[in-house]
*Asks:* 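Structure provided below as structure tokens; questions to follow.
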Amino acid sequence: MTVKKVGFIGLGAMGLPMAKNLLNSGYELHICAHKNRKPVDEMINEGAIEHPSLREVASNSDILIAILPADKEMESVLLSDEVISNLPQHSILIEMTSGSPAMMKEVSKAYIERGLKVLDAPVSGGTIGAEQGTLTVMAGGNEKTLSEVRPVLEGMAKQIYLVGEIGAGKAIKAINQMLASVHMIAASEAVALGEELEIDKEMMKQVIGNSSGASWMFMNKIDSLTIRDFKPGFKLKLMRKDVGIAANEGKNLNLPFTQNALRFYQEAESEFGELDFSAISKKIL
């Protein structure tokens, strides 16, 4: 399959830089405006093609990429006749939302019944990874479909893993977010204790970075935590949603750290939901 035209739905904090990387990789990108014109105008200036509706985006897609806020949007957008009925028969859906495995399977079933191919492909790496094209893709689906879309994924990601069948991508993303949510709280507590004990931040970063207590979250968030910089990258309300997916998937298990992390994020969401998820530290620092 020769891919020339890529439709892109979801030009948010992650989707916008991902879409720009696809343009820079030489793909013809098809988009439309939803609520916010600013990212659409940015993309037009980069060379993307705007359409008046999702109908035209779908009909101009060899591959359609969707990275949406949650299950609700996956259902309302991807299962709409406007999208699913207008995709060319040869096209492939790459679904990159951090949604639930159950919703991913529902979307996939509807598309496969129409003879369309689907890859479940959430990502990790944050807005920095999205900007630098160094994301990790957690792909659920079959190997042949992954091989067909791999060049497109490589325009946005550095690591691409086939983790299982449809739904497995969303499942492992939920596990990743479960860990990330807990690690963020732990990193916040570490910074609070370091400040209380008057430990130099750079020394703490250097020593712990080479010790058993190191984590990606601590090393990548200690600077912003120290200066209380919570401008949004990945928003706290989205982390609450993601850890909620993990907690729900593990409802028959004893997951005390996950349940406590979910409670923390739920309590913080009303006040800090639009800030970066590291703003959970406002309950600690």
Side-chain angles (χ1 to χ4, degrees), residues 12-15 17-18 21 67 96-98 121-139 153-154 156-161 163 168-195 199-247 249-250 255-258 260-262 264-265 268 272 275-285:
M14 292 290 290
M18 291 164 67
N21 284 332
I67 181 164
M96 310 187 89
T97 304
S98 293
V123 295
S124 182
T127 52
I128 293 175
E131 291 165 4
Q132 297 178 348
T134 58
L135 294 169
T136 295
V137 174
M138 311 161 191
L153 294 176
E154 287 175 343
M156 302 178 285
K158 184 176 181 180
Q159 305 289 340
I160 301 169
Y161 296 99
V163 300
K170 297 289 188 277
I172 201 167
K173 178 60 187 290
I175 294 168
N176 180 81
Q177 297 301 83
M178 175 183 74
L179 288 165
S181 68
V182 172
H183 291 174
M184 186 69 256
I185 295 170
S188 300
E189 292 188 358
V191 170
L193 183 57
E195 291 178 351
I199 302 298
D200 178 75
K201 183 261 293 183
E202 289 301 326
M203 183 57 66
M204 187 163 65
K205 186 176 181 181
Q206 180 179 344
V207 172
I208 292 179
N210 289 287
S211 302
S212 59
S215 70
W216 187 97
M217 201 61 66
F218 178 80
M219 297 304 294
N220 284 272
K221 291 293 187 178
I222 184 174
D223 292 335
S224 59
L225 289 175
T226 301
I227 63 173
R228 312 308 196 249
D229 178 9
F230 305 118
K231 62 178 178 290
F234 186 71
K235 292 183 179 180
L236 187 145
K237 67 179 183 180
L238 296 178
M239 179 57 84
R240 189 275 310 156
K241 178 262 299 181
D242 286 355
V243 72
I245 291 172
E249 293 295 325
L255 303 175
F257 285 97
T258 302
N260 282 323
L262 177 59
F264 251 55
Y265 285 94
F272 309 126
L275 300 178
D276 188 81
F277 76 100
S278 60
I280 194 67
S281 65
K282 284 177 170 284
K283 293 176 65 64
I284 299 165
L285 295 172

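Numbers here are sequence positions counted from 1. Source: prediction; values computed, not measured.
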*Asks:* Quick one: side-chain contact (heavy atoms from CB on, under 4.5 Å) partners of Ala268, sequence neighbours excluded?
*Replies:* Leu236, Phe272, Ile280, Lys283
*Asks:* Could you check whether any side-chain heavy atom of Lys170 comes within less than 4.5 Å of a side-chain heavy atom of Met138, counting everything from C-beta outward?
*Replies:*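 In short, these two side chains do not touch, never coming nearer than 4.5 Å.
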*Asks:* Among residues at least two apart in sequence or on other chains, which ones pass side-chain contact (heavy atoms from CB on, under 4.5 Å) with Ser281?
*Replies:*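 Checked Ser281 against side-chain contact (heavy atoms from CB on, under 4.5 Å); matches are Ser188, Leu225, Phe230, Leu285.
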*Asks:* Taking all atoms of both residues into account, what is the closest heavy-atom pair of Pro17 and Gly12, and its distance?
*Replies:* CD-O, 4.0 Å
*Asks:* If I take atom OG1 from residue Thr97 and atom CG from residue Asp242, how far apart are they, to the nearest 0.5 angstrom?
*Replies:* 10.5 Å
*Asks:* Going through the checks in order, is the side-chain contact (heavy atoms from CB on, under 4.5 Å) test met by Met184 and Phe277?
*Replies:* CA-CA 8 Å; Met184 186 69 256; Phe277 76 100; 3.6 Å; yes
*Asks:* Could you walk me through whether Val123 and Met14 pass side-chain contact (heavy atoms from CB on, under 4.5 Å), step by step?
*Replies:* CA-CA 9 Å; Val123 295; Met14 292 290 290; 3.9 Å; yes
*Asks:* Drop me the distance from Trp216's CH2 to Ser124's OG, to the nearest 0.5 angstrom.
*Replies:* 7.0 Å
*Asks:* Suppose we screen for side chain to side chain donor-acceptor pair (under 3.5 Å). Which residues come up paired with Glu189, at least two apart in sequence or across chains?
*Replies:*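 So Glu189 forms no side chain to side chain donor-acceptor pair (under 3.5 Å) with any residue.
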*Asks:* Which distance, rounded to the nearest 0.5 Å, do you find between the CZ of Phe218 and the CE of Met204?
*Replies:*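 Result: 4.5 Å between the selected atoms.
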*Asks:* Looking only at heavy atoms, what is the nearest atom pair of Ile185 and Tyr265, with distance?
*Replies:* CD1-CE1, 3.9 Å
*Asks:* Donor-acceptor pair, Asn21 side chain versus Gln132 backbone, under 3.5 Å?
*Replies:* no
*Asks:* Locate the shortest heavy-atom distance separating Ser98 from Ile245; write the atom from each residue and the value.
*Replies:* O-CD1, 3.6 Å
*Asks:* Please step through side-chain contact (heavy atoms from CB on, under 4.5 Å) for the pair Leu135 and Met18, ending with a clear verdict.
*Replies:* CA-CA 9 Å; Leu135 294 169; Met18 291 164 67; 3.7 Å; yes
*Asks:* Salt bridge check, Lys231 against Asp229: does any charged N sit closer than 4.0 Å to a carboxylate O?
*Replies:* yes
*Asks:* Could you give all pairs that pass the salt bridge (charged side-chain N to carboxylate O under 4.0 Å, His left out) test and reach residues 207-222, with sequence neighbours left out?
*Replies:* Lys221-Asp276
*Asks:* Looking only at heavy atoms, which two atoms of Phe234 and Thr127 are closest? And how far apart?
*Replies:* N-CG2, 4.3 Å
*Asks:* Salt-bridged, Lys173 to Glu249, with N to O below 4.0 Å?
*Replies:*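 No.
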*Asks:* Looking at every heavy atom in both Gly15 and Ile67, which two are closest together, and how far apart are they?
*Replies:*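 Minimum heavy-atom contact is CA-CG2, 3.9 Å.
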*Asks:* Is the shortest side-chain heavy-atom distance between Val137 and Gln159 below 4.5 Å?
*Replies:*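 With C-beta onward as the side chain, the pair stays apart.
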*Asks:* Stepwise, does the side-chain contact (heavy atoms from CB on, under 4.5 Å) test hold for Val243 with Gln177?
*Replies:* CA-CA 6 Å; Val243 72; Gln177 297 301 83; 5.8 Å; no
*Asks:* Quick check for you: to the nearest 0.5 Å, what is the distance between Leu179 atom CG and Ile175 atom CD1?
*Replies:* 8.0 Å
*Asks:* Only counting residues at least two apart or in another chain, list the ones meeting salt bridge (Lys or Arg N to Asp or Glu O under 4.0 Å) with Lys282.
*Replies:* none
*Asks:* Would you say the side-chain atoms of Lys201 and Thr226 include a donor-acceptor pair closer than 3.5 Å?
*Replies:*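 No, no side-chain donor-acceptor pair sits under 3.5 Å.
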*Asks:* Under the side-chain contact (heavy atoms from CB on, under 4.5 Å) rule, collect the residues that match up with Ala186, sequence neighbours excluded.
*Replies:* none
*Asks:* Once you round to the nearest 0.5 Å, how far does NZ of Lys241 lie from CE of Met239?
*Replies:*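 CE of Met239 is found 9.5 Å from NZ of Lys241.
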*Asks:* At what distance, to the nearest 0.5 angstrom, does OG1 of Thr136 lie from CG of Asn176?
*Replies:*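 Nearest 0.5 Å value for the OG1-CG distance: 8.5 Å.
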